[in-house]
Amino acid sequence: MIDLNLIRDNPELVKENIKKKFQDKKLPLVDEVIALDKQKRELQQEGDSLRAQRNALAKQIGALMREGKKEEAEVAKVTSKANNDRIAAIEEETSKIEAQLKKDMMSIPNIIADDVPLGKDDSQNVEGKVFLKHEEKPFDIPYHLDILESLNGIDLDSARRTSGNGFYYLTGDIARLHSAVLSYARDFMIDKGFTYCIPPYMIRSDVVSGVMSFEEMDGMMYKIEGEDLYLIGTSEHSMIGRFMGEILPESSLPQTLTSYSPCFRKEKGAHGIEERGIYRIHQFEKQEMIVLCKPEESDYWYEKLWNYTVELFVSMEIPVRQLICCSGDLADLKYKSCDIEAWSPRQKKYFEVGSCSNLTDAQARRLGIRYKAANGKNEFVHTLNNTVVAPPRMLIAFLENHLQADGSVYIPPVLRPYMGGKEKILPKTK
RNA sequence: GCAGAGAUGGCGGAGUGGUCGAACGCGCACGACUCGAAAUCGUGUUACGGGCAACUGUACGGGGGUUCGAAUCCCUCUCUCUGCGCCA
């Protein structure tokens, strides 16, 4: 949600931004917001003066009653009562206008950064830096499910029976590798000065609607029956929700947090062939990082955050690149975003393993997350989030990149302490 | 889960229908004193909104109700504490 004042003061800038995102159908919203805002303020002025009258009358009545002037008090009561009908009517109209205003404001996208490449959709995203040049494998890389099976690392058949499509049992060394990656990523972030956090895995509906749009919620969130609770789709939900409505002391910023959680997603929509297996599933685990900082620091943190993910993958010897999200592919709340993509030697292309975003104050405004600035004013913080690592997906990259000709899988040194010193995972003997 | 008590500003804590946006204390900011500091004294200090301004509205956990008027009364939800029960 952007600042209403910005729409008032500079509607052209807001419209320009909408055009940059190829959402021209939203252009009329800007003028609608301005008109609604004007109406709302007019109503408020009328309502305010009526309420001021009511307050004054109430005070008078109180005084009259104390003096024992009952009849005069009764007369004033009648006047006040008549007033109240008008106030009620104004309140009703105001709440209608406010609801529409809020709806419009929610769909007007955040102002994007100047350096976001213009483009219609994900096909026009721009490759950024490439890290760790990938090497040609001297043999064909099988589909990740086949690798997992050859290592005795997965049981999808049982998972389908117990839970349905989109779930898995990881077993043996693969399950251990999964945990190892998470533990390593956790320690990696702690070493970077982040505070480790395990958040609630369920959140209330008011938090859900604070952190995402209704459409996202409908497509992603699992609801607990009979409770006002939803399973989180990412720990970002509960991590950011944690600060809802808070005014943080300036000295507590930046908040640099890394959180672990399972993530639950409905993943409504078609599943292509490349999504067979563990690429897209209903339940996975993720190490996340979030930052709450002062506005002037968010550009700095954005660069830092995505580079941490790169550094982590490079330390596990997995080639990655940065893919810069173009204007049309950028979610409405985002100022700037990029994906970290890992190299798939099987597909001979990169695929997404993480996503880093700077939401500036759009999310904070929606959730009321502020800090007391040095000038004494309460300002909205900037929020950023980034995937450290989401193991099932990173596991695909891991297996494809570290598979050896003999069918074993190489474990890079940084993970060995978490794997009982093992240097490789061996295929099952038939 | 059951029973009782409770939720008030950054914190503690008064207030039980009108003079309450809220006593008092702590904290914080500024000033005085001091070579400087501590102590002391003084002043200020909730948030959000409308208005050029004077000024004004709203909010005492959330929502609803009673009333001319609600922090105060009623209903409901959430949370906290105490006791009992249950259980990793």
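Computed from a prediction, not measured in an experiment: that's the story for all the values here. In what follows, chains are A, B, ... by sequence order, proteins preceding strands, each numbered from 1.
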ask   = Measuring from A/Asp332:CG to A/Asn110:CG, what's the distance to the nearest 0.5 Å?
value = 9.0 Å
request  = For nucleotides B/rG9 and B/rC2, find the distance between their P atoms and express it as a whole number of Å.
outcome  = 29 Å
message = Is it the case that over 12 heavy atoms from other parts of the model lie below 6.0 angstrom from the CD atom of A/Glu42?
response = yes
ask   = Base, sugar-phosphate alone, or nothing: which one does A/Asp206 contact when heavy atoms must sit under 4.0 Å apart?
value = nothing
remark   = Rounded to whole Å, the NZ-P distance (A/Lys59 to B/rU56) equals 9 Å
ask   = According to a strict under-4.0 Å criterion, is A/Arg51 in side-chain N/O contact with OP1 or OP2 of B/rC55?
value = no
request  = Quick one: label A/Ala76 by what it contacts on the DNA or RNA (base, sugar-phosphate, nothing), any heavy atom closer than 4.0 Å.
outcome  = nothing
ask   = Counting only side-chain N and O atoms of A/Arg41, is one of them less than 4.0 Å from OP1 or OP2 of B/rG51?
value = yes
query = Among B/rA47, B/rU58, B/rG57, which is the nearest nucleotide to the side chain of A/Arg370?
reply = B/rA47
Presence of A/Arg204 side-chain N/O under 4.0 Å of B/rC79 phosphate oxygens OP1/OP2 = yes
request  = Please tell me which of the listed nucleotides, B/rU58, B/rC48, B/rC68, lies nearest to the side chain of A/Ile61?
outcome  = B/rC68
remark   = Taking B/rG69, B/rG49, B/rA47 as options, the one with an atom nearest any side-chain atom of A/Ala58 is B/rG69
ask   = Does A/Asn84 place a side-chain N or O at less than 4.0 Å from the phosphate oxygens OP1/OP2 of B/rC68?
value = no
ask   = Strictly under 6.0 Å, is that where the ring centroids of A/Tyr260 and A/Tyr196 end up?
value = no
ask   = Closest to the A/Ser80 side chain: B/rC68, B/rU19, B/rG51?
value = B/rC68
